[in-house]
Novice: 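This is the structure I want to talk about, given as structure tokens.
Numbered from 1 within each chain, the chains take letters A, B, ... in sequence-line order. The figures here come from the full heavy-atom set of this structure, side chains too, leaving out hydrogens, waters and symmetry mates.
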There are 2 protein chains.
Amino acid sequence: MLRLSKLADYATVILSFMAKDQARIAAAVEIALATGISLPTVSKILKLLVNAKVLTSTRGAKGGYFLAREPSAISVADIISALEGPIALTECSLSKQTCEQASGCGIRGNWHLINQTIYNALESVTLADLIRPVVSPEEISIPLASLYHSH
Amino acid sequence: MLRLSKLADYATVILSFMAKDQARIAAAVEIALATGISLPTVSKILKLLVNAKVLTSTRGAKGGYFLAREPSAISVADIISALEGPIALTECSLSKQTCEQASGCGIRGNWHLINQTIYNALESVTLADLIRPVVSPEEISIPLASLYHSH
DNA sequence: TGATTGAAGACTATTTTAGTCCTATTTAAA
DNA sequence: TTTAAATAGGACTAAAATAGTCTTCAATCA
């Protein structure tokens, strides 16, 4: 299904909630209550987002979490990679030299291009976009094919 | 990691092998030997590709598998969806009405757009492209962002 | 009719992902 | 200075998805 992990999905819900009142610092418990996601899980996600510098935290009483930057400066790619690590469809796209499968690894070079395309797609959409009312596109087209076929 | 399943990855290897000598009919055993993937696994993948109408098969002695159409008419999206089902990052993008999570589902509408973008990217690359020598792109850009920001 | 090959699906094992919990550290306020 | 409220880090368990194998049946050709 080429699926997003549940955790990454939750992360977008959490961040969307936080982005609505950007200035405010929110504690994990509060976020758990607001989103309906269990506290331990919320905590885990928040920690990962802090490590990825998407959120900033302050400890102690009255502490909590807040966005490290503007929603428009937080991409979907940032969110996904915070939770799941680098965005790539295939292993060998991450480390070009290690991939030495029997027969057919020359084949994979082009996967790198596909990965890059998908990354760019995810990088181009931000948290600010996600909390905006839904747009209904007529048609979306990607110029990737032209890279291949224009010769 | 937003990762492709191993099976889908194998499928691209198998199909790349088959595309190199398109006219020829190849038995599962033969493909297994050529690719180094175990026979039961190869068989499983081939069957899924037949169901998805990417391959055609003939039974019996001298039977085997061959491409159902030109490599240029088989997209990466075809291959992935044959193995993993519909391409979508989030569940709710598949069935719009079922998604009624507590707080924040209005948020998800835009995921639909992202899914569509990724699907288009995968649809635009074909098996013929995959077996072609690697191209090294300078920069690839996706116009998705403009859909959001042009207002 | 027998050998060869695919079809279908059940089943098991493995790996990944999700989810929870415990302990330590930091900070604000009484 | 003590206490309560938070996060940090990481170990651990449970659940789910994925990968892989096996068995039985059906078709085709010589």
Novice: How many whole angstroms separate atom CD of A:E84 from atom C1' of C:dA18?
Specialist: 12 Å
Novice: Of the nucleotides C:dA28, C:dA7, D:dT7, which has the atom closest to the A:A28 side chain?
Specialist: D:dT7
Novice: Are OP1 or OP2 of D:dA8 and a side-chain N or O of A:S43 less than 4.0 angstrom apart?
Specialist: no
Novice: Determine which pairs satisfy side-chain hydrogen bond (donor to acceptor under 3.5 Å, both in side chains) with at least one residue from residues 58-82 of chain B, sequence neighbours left out, and list them in order.
Specialist: B:R69-B:D78, B:S75-B:D78, B:S75-B:E123
Novice: Kindly give the cluster partners of A:L33, where membership spreads through any ILVMFWY side chain lying under 4.5 Å from a current member.
Specialist: none
Novice: Quick one: is C:dG19 close enough that its OP1 or OP2 comes under 4.0 Å of any side-chain N or O from A:K6?
Specialist: yes
Novice: Mind jotting down which residue pairs meet the salt bridge (charged side-chain N to carboxylate O under 4.0 Å, His left out) criterion with at least one end in residues 32-53 of chain A? Sequence neighbours excluded, please.
Specialist: none
Novice: Tell me which nucleotide among C:dA28, D:dA8, D:dT7 gets nearest to the side chain of A:K62.
Specialist: C:dA28
Novice: Short of 4.0 Å, heavy atom to strand atom, which residues of residues 51-60 of chain B count as contacting DNA chain C?
Specialist: B:N51, B:S57, B:T58, B:R59, B:G60
Novice: Does B:R24 have any salt bridge (charged side-chain N to carboxylate O under 4.0 Å, His left out) partners at least two apart in sequence or in another chain, and if so, which?
Specialist: B:D21, B:E30
Novice: For A:A8 and A:K47, take the nucleotide of DNA chain C holding the closest heavy atom to each; which residue's nucleotide lies nearer the 5' end?
Specialist: A:A8
Novice: Could you walk me through whether B:I79 and B:T12 pass the side-chain contact (heavy atoms from CB on, under 4.5 Å) test, one step at a time?
Specialist: CA-CA 7 Å; B:I79 302 171; B:T12 64; 4.1 Å; yes
Novice: Can you tabulate the close N/O pairs, meaning under 3.5 Å, that link protein atoms to atoms of nucleotides 14-16 of chain C?
Specialist:
none

Novice: The criterion is side chain to side chain contact (heavy atoms under 4.5 Å, CB included); which residues satisfy it with B:A82, sequence neighbours excluded?
Specialist: B:L49, B:A52
Novice: Output all residues satisfying side chain to side chain donor-acceptor pair (under 3.5 Å) with A:S43, sequence neighbours left out; order by chain, then residue number.
Specialist: none
Novice: Tell me what B:S38 touches on the nucleic acid: a base, only sugar-phosphate, or nothing, going by heavy atoms under 4.0 Å.
Specialist: sugar-phosphate
Novice: Does B:V29 or A:A61 map to a spot on DNA chain C nearer the 5' end, using the closest nucleotide for each?
Specialist: B:V29
Novice: Could you walk me through whether A:T56 and A:L67 pass the side-chain contact (heavy atoms from CB on, under 4.5 Å) check?
Specialist: CA-CA 6 Å; A:T56 306; A:L67 299 186; over 6 Å; no
Novice: Does B:Y10 put a side-chain nitrogen or oxygen below 4.0 Å from OP1 or OP2 of D:dG20?
Specialist: yes
Novice: Quick one: list whatever passes side chain to side chain contact (heavy atoms under 4.5 Å, CB included) with A:S5, sequence neighbours left out.
Specialist: A:L7, A:A8, A:E84
